[in-house]
Amino acid sequence: MAGVSPQPEPTVDVLVVDDDPVVRFGLAMMLRGATDLRVVAEAGDGAEAVELADRHAPDVVLMDIRMPGTDGLTATETLRRRPRSPQVVVLTTFDADAHVLRALRAGAAGFLLKDTPPDELVLAIRHAAQGRPVLSPEVTRRLIDRVAGSEQDTIRDAARRRLGLLADRERTIAVELGAGRSNAEIASRQHLSVATVKTHVSAILTKLDLNNRVQVALLVHDAGLDPPG
């Protein structure tokens with residue numbers, strides 16, 4: 001329509017957390033190259049990250065794990081317990097780390113390696129802001145396989161008891177989520193509408209007291225349930 005200015009792109013506010021100032025500077029410079037991302041603050045440890053998150057209300061937090069004082073795991077758990085918490089993307093130098101798994105269980109949206117290319121980093125932040133997982137089911141499965149130890153039987157039994165809280169249809173959809181399938185793919189496979197799948201996913205998250213699909217996938221894998229088909 002003539003005379004009407006185009007609507008600006010939605011801005012994703014990002015908090016960068018790393019104890020190395022050089023890494024923080026590099027990440028911030030990288031993200032400032034994306035017009036729809038805005039670095040609102042930088043923190044050097046987990047305690048400062050929580051304080052700055054309260055002050056700036058970022059949409060996404062890029063969180064280093066190993067930091068002096070309050071580490072990134074503790075900060076992630078603190079942030080994700082809050083009612084309107086930011087999405088947390090864990091930064092790590094390792095792709096198979098028990099600490100990363102703990103962060104995912106706490107509700108982190110996923111993890112990135114610190115040498116992730118800039119375009120992939122920007123895309124991952126956009127996905128996290130939309131509530132989309134920032135890792136593939138294959139990466140999740142490999143991570144769990146590598147850190148699983150002698151407590152696997154206990155973990156499996158506990159996960160199966162927890163999934164027992166779900167109705168049969170919800171449990172089927174939870175297993176589909178464990179395979180990394182989208183709502184549209186699940187709807188097609190289960191002969192449901194996408195709206196119905198969304199309703200079931202919301203019910204699953206509520207009943208299991210989880211806050212994202214990654215956590216559901218982890219629980220399904222803990223239970224040792226193979227995805228259908």
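In this text the structure is predicted, and so the values were computed from the model without any measurement.
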**Report entry** Carboxylate-amine/guanidinium proximity below 4.0 Å for Asp222 and Arg162
**Finding:** no
Query raised in the report: So, Arg24 and Asp19, do they make that salt bridge, N to O below 4.0 Å?
Result: no
Report task. Let me know which of Asp36, Asp119, Asp59 forms a salt bridge (Lys or Arg N to Asp or Glu O under 4.0 Å) with Arg126. Result -> Asp36
Report summary line: In terms of heavy-atom contacts, Met67 and Gly72 come closest through CE-N, 3.5 Å
Report task. Looking only at non-hydrogen atoms, find the nearest pair between Ala34 and Val122 and report the distance. Result ->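 Closest approach of Ala34 to Val122: CB-CG1, 3.9 Å.
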Requested in this report: Report the C-alpha separation of Glu51 and Arg55 in whole Å, then their side-chain angles, then the decisive distance to 0.1 Å, and conclude whether the salt bridge (Lys or Arg N to Asp or Glu O under 4.0 Å) test is met.
Outcome: CA-CA 6 Å; Glu51 177 185 345; Arg55 187 183 309 169; 2.8 Å; yes
So [Y] and [X], do their side chains get closer than 4.5 Å, heavy atoms only?
X      : Y      : answer
Ile65  : Asp71  : no
Leu166 : Leu163 : yes
Thr78  : Thr70  : no

Report task. Mark yes when over 12 heavy atoms from residues, nucleotides or ligands other than Asp168 sit less than 6.0 Å from its CG; otherwise mark no. Result ->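 For Asp168, atom CG is not crowded (no more than 12 foreign heavy atoms under 6.0 Å).
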Requested in this report: Assess the side chains of Asn211 and Arg81: does a donor N or O sit below 3.5 Å from an acceptor N or O?
Outcome: no
Requested in this report: Kindly determine whether Thr11 and Arg38 satisfy side-chain hydrogen bond (donor to acceptor under 3.5 Å, both in side chains), including the steps that lead there.
Outcome: CA-CA 7 Å; Thr11 298; Arg38 178 173 60 188; 5.5 Å; no
Query raised in the report: So among Leu91, Leu73, Val89, Thr76, which one has a side chain to side chain contact (heavy atoms under 4.5 Å, CB included) with Met63?
Result: Thr76
Report task. Determine, using the 4.5 Å side-chain heavy-atom cutoff (strictly less than), whether Leu62 and Val40 are members of one ILVMFWY cluster. Result ->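 As far as the 4.5 Å side-chain criterion goes, Val40 and Leu62 are not connected within one cluster.
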